[in-house]
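Convention: sequence-line order gives letters A, B, ...; per-chain numbering from 1. The analysis underlying the following values was restricted to heavy atoms, covering all of them including side chains, and did not include hydrogens, waters or symmetry mates.
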Protein chains: 2
Amino acid sequence: MDVKTLCLGLLSVREACGYDLKKTFETSFKHFFPAGYGSIYPALADLAAKGLVECEEIPQVGKPDRKVYRITEAGEKAFVSALNSTEPQHKLRSEFLAMIYFADLVDDNRLMEVLDDHVEQLRETVRYIEHQERHSTKSAGASFVAGFGAVVARAAAEYIESHRHMLTDKVAIKASGEELADCKWAANS
Amino acid sequence: MDVKTLCLGLLSVREACGYDLKKTFETSFKHFFPAGYGSIYPALADLAAKGLVECEEIPQVGKPDRKVYRITEAGEKAFVSALNSTEPQHKLRSEFLAMIYFADLVDDNRLMEVLDDHVEQLRETVRYIEHQERHSTKSAGASFVAGFGAVVARAAAEYIESHRHMLTDKVAIKASGEELADCKWAANS
DNA sequence: TTAGGCATGTAAAGTGTTACATGATTTG
DNA sequence: CAAATCATGTAACACTTTACATGCCTAA
């Protein structure tokens, strides 16, 4: 299932232009399926060429014409069939975790910064999703997916906060192997 | 940070051939950074061409010569510099969640199957990581990353199990809108 | 005897990312 | 006055995936 198929799916919910779809990818799909204009516009052109969507150009002043896409019957069928035939993948590609894997080669200050940034990003995701949920009505699927994102992001943030000492305390160990007793976490564990 | 950089990183830990690296990607990196032979072998050739690794060919009978790669000093430097210069991304691309988003268009039996499969996959990930952790000693970074994977997978599995009724109970609602009181979850909420 | 492990790679196709190019209107 | 929003797209590049090609050894 690629960006093209997802655009088709979004158009099965309501008509939209490329710009609108991009916003949906940036909001509802942000935490699990990123896509940029570079994928979306060619996808729409392709769908139109295959007759799966139709396009109406609405003239505007001072802006390019707004091209509103509407799904066709063939498009609906194609989408349902795509949904039911694909074995759904679920792939994480995390440079963040890769970097952490090699934490002993990373500058300590940078490491802490990266950890802080990532936690903040996760917290922001949680806040954002929960705000969204409160202010819009969604399909069961959309709510489930949003909830999933929030729960997973929260779990990730909590893990990082409660285990980061595994990575950052090497500083204390390196600097003063004899003074381990001074480390607060060592006293607690 | 691409597959090439990660190969270099792995070679900074110990020498290995392409086949060995693939196994590491399949085990330690499985849950956060997939890579196949098609990325790994060209990456190694490239690293060697740039002088970041050296290759020793060890003759074998009945198999292609084993090409053992060792990192060079230039390679170590390049890796540390790559680690410290990249803004680490963390991208999920989930066809699974995309499919769930459009759950109302998915065949009910298939939906349940997909849900079951995904939970089982997550549970398997957790089991695998925990087994690994018990039977091998790892760097702080590697342990942190493994723990992260386990915690997040567990949270995901639990979310799916405790919220799947949001998706599957539409059957009951569709079939008998009047009998909502019979739904156990409806009584609790 | 068959499946899986060991071991190498290439080539083409598919997909996505990034940078570029344009420009009026609205909001702070 | 600057920044964000609306609105379109293309072209080059990067990277990964998939399928292909080969073949012995070992354990169940």
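Look at CZ on A/F25: it is 17 Å from C1' on D/dA7, rounded to the nearest Å. In this structure, CZ of B/F29 is placed 14 Å from P of D/dT16, rounded to the nearest angstrom. Between the CZ atom of A/F33 and the C1' atom of C/dG16 there is a distance of 10 Å, rounded to whole Å. Put simply, CG on A/L47 is 12 Å from P on C/dT15, counting in whole angstrom units. In this structure, A/D2 places its CG atom 13 Å from P of D/dT18, rounding to the nearest Å. The separation between A/E26 atom CD and D/dC6 atom P is 10 Å, rounded to whole Å. For the pair B/Q89 CD and D/dT16 C1', the computed distance is 17 Å after rounding to whole Å. Atom P of nucleotide C/dG16 and atom NZ of B/K91 are separated by 12 Å, given to the nearest angstrom.
Distances shown here put a side-chain N or O of B/R93 below 4.0 Å from the OP1 or OP2 atom of C/dG16. Of the side-chain N and O atoms in B/K67, one or more sit less than 4.0 angstrom from OP1 or OP2 of C/dG9. Close to C/dG9, at under 4.0 Å from its OP1 or OP2, lies no side-chain N or O of B/Y37.
For A/Y41, the side-chain atoms get nearest to D/dT8 when compared with the rest of D/dT16, D/dT8, C/dA7. Closest approach to the A/Y69 side chain among C/dG5, D/dG9, C/dG9 is made by D/dG9 (side chain taken as heavy atoms from C-beta onward). Comparing C/dC6, D/dT10, C/dT8 by their nearest atom to the side chain of A/P42 picks out D/dT10.
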Distance-only check: which donor-acceptor pairs under 3.5 Å involve side-chain atoms of residues 27-39 of chain A, not counting sequence neighbours?
from  : atom 1 : to     : atom 2 : distance (Å)
A/T27 : OG1    : A/K23  : O      : 2.9
A/T27 : OG1    : A/T24  : O      : 3.3
A/H31 : NE2    : A/V145 : O      : 3.3

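Between A/G38 and A/Q60, the residue anchored closer to the 5' end of DNA chain D is A/Q60, taking for each the nucleotide with the nearest heavy atom.
Between A/L105 and B/S12 the shortest heavy-atom distance is CD1-OG, 4.0 Å.
Classification of B/E54 and B/R70 as a salt-bridged pair fails, no side-chain N sitting under 4.0 Å from a carboxylate O. For B/E120 and B/R123, the salt-bridge test fails: no basic side-chain N is under 4.0 Å from an acidic carboxylate O.
Contact annotation for B/V61: no contact, since no heavy-atom pair falls under 4.0 Å across all strands.
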